[in-house]
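Indexing begins at 1, ligand by ligand and atom by atom, following the structure's order.
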Amino acid sequence: MGESQLWHAVDGYFADRLLTEAPDEALTAALRDSDAAGLPPISVSPVAGKLLQLLAQVRGARSILEIGTLGGYSTIWLGRALPADGRLISLEYDARHAEVAVRNIARAGLARQVEVRVGAALDSLPALADENMPPFDLVFIDADKVNNPHYVEWALRLTGAGALIVLDNVVRGGRVADPDNTDPDVVGTRAALDMIGSHPRLTGTAIQTVGTKGYDGFALARVLA
Ligand code: SAH
Ligand code: DHB
Ligand code: MG
């Protein structure tokens, strides 16, 4: 068995052993319909989706901001962690993605808590700040990586002490640490990591992952004040 086949098999093993709650048909259907609509197969993996959910639950999150909705797969995992009066706002550039996501989210019974806003996140974020809503407890950043430093900046503006910021795809097969790689997405992620490491209001770490999405990882940052 090749290395990546092995990662796949172990992800499946973990899913079988650990994702044992009553099967969530809405999650399966979300992937199926996203695929049928031609969306790229880049949602978080099932075990990673449950990690996001668990982080939101441990944090006791009542309000969540997501940047990068795609078909709403990670949105549903996170939305399931919310209390009945909780709120999740997810920002998506592509109207076609958002349309698929809104259907998937409604089927999951999360229409009341979840709102998908269409547009470039860097346009939606200032509008969101102008609404003066209560600070978000968790921010999941998973959109165009070139803007990651801006997204961390906005996450800081829209959260308070104790909030958790999660950044997807910080490894990209190891490209993050390859000094010869100057891909704008990689450069954006490096800048976001530098911010987490140097900002007085942030402390964080990162974990490398292997699995159905290859070799990648997450950065996790806690807002200090
Ligand atoms: N979080 C999703 C996957 C998101 S994929 C999941 O795990 O299920 C990244 C998404 O970010 C894509 O749908 C893409 O259209 C969107 N995106 C790209 N650039 C964006 C931008 N500038 N503003 C908002 N969304 C953007
Ligand atoms: C890819 C994976 C992601 O999780 C993402 O947000 C964007 C792209 C990819 O594998 O290409
Ligand atoms: Mg991602």
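Of the candidates Asp142, Ile67, Leu52, it is Asp142 that places a heavy atom closest to atom 3 (C) of ligand 1.
Counting the atoms of ligand 1 from 1 in the order shown, those under 4.0 Å from a heavy atom of Tyr151 are 21 (C), 22 (N), 23 (N). Close contacts of ligand 1 with Asp144, meaning ligand atoms under 4.0 Å from a residue heavy atom, involve 18 (C), 19 (N), 20 (C), 21 (C), 22 (N). Each of the following atoms of ligand 1 lies closer than 4.0 Å to a heavy atom of Leu70: 2 (C), 3 (C), 4 (C), 5 (S), 13 (O).
Nearest N/O/S atom of Asp168 with respect to the Mg ion (ligand 3) is recorded as OD2.
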Note to self: Does Asp216 form a salt bridge (Lys or Arg N to Asp or Glu O under 4.0 Å) with Arg172? I'd like the steps, not just the answer.
What the structure shows: CA-CA 5 Å; Asp216 216 321; Arg172 303 312 297 265; 3.6 Å; yes

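Close N/O approach between Gly72 and ligand 1 is not found [any backbone or side-chain N/O within under 3.5 Å]. Checking only distances, Ala121 does come within under 3.5 Å of ligand 1, N or O to N or O.
Contacts of Val44 with ligand 2, taken as heavy-atom pairs under 4.0 Å, are absent altogether. Both the backbone and the side chain of Glu92 come within 4.0 Å of ligand 1, judged by heavy-atom distances. When heavy-atom distances to ligand 1 are checked against a 4.0 Å cut-off, Leu122 has no atom that comes that close, whether in backbone or side chain. The residue Trp77 has no part lying near ligand 1, judged by heavy-atom distances below 4.0 Å. Contacts between Asn169 and ligand 2 below 4.0 angstrom, taking non-hydrogen atoms only, involve the side chain exclusively.
Distance OG1/Thr75 to CD1/Ile105: 4.5 Å, rounded to 0.5 Å. Atom CG of Leu78 and atom CD of Gln57 lie 10.0 Å apart (nearest 0.5 Å). Remark: Ser63 OG to Arg87 CZ distance equals 9.0 Å, nearest 0.5 Å.
The protein heavy atom nearest to atom 5 (S) of ligand 1 is Ile42 CD1, 3.7 Å. Atom 7 (C) of ligand 2 has its closest protein heavy atom at Ile42 CD1, 3.6 Å. The single protein non-hydrogen atom nearest to atom 4 (O) of ligand 2 is Lys213 NZ, 2.5 Å, given as residue, atom name and distance. The protein atom (non-hydrogen) at minimum distance from atom 2 (C) of ligand 1 is Ser74 OG, 3.3 Å. Nearest protein heavy-atom neighbour of atom 11 (O) of ligand 2: Arg172 NH2, 3.1 Å. Scanning all protein heavy atoms for the shortest distance to atom 26 (C) of ligand 1 gives Tyr93 CB, 3.5 Å. Looking only at heavy atoms of the protein, atom 7 (O) of ligand 1 is closest to Val44 N, 2.9 Å.
The two atoms that bring Arg190 and Arg175 nearest to each other are NH2-O, 3.2 Å, heavy atoms only.
Among the atoms of Asp142, an N, O or S atom falls under 2.8 Å of the Mg ion (ligand 3). When distances to the Mg ion (ligand 3) are checked against a cut-off of 2.8 Å, Ser74 contributes no N, O or S atom below that limit.
Using a distance-only test at 3.5 Å, with no hydrogens or angles considered, no donor-acceptor pair links the side chain of Glu115 to the main chain of Ile89.
Distances from ligand 1 to the non-hydrogen atoms of Gly119 include at least one value under 4.0 Å.
Checking each of Ser34, Ser45, Ser43 against Tyr73 for a side chain to side chain contact (heavy atoms under 4.5 Å, CB included) leaves exactly one that passes, namely Ser43.
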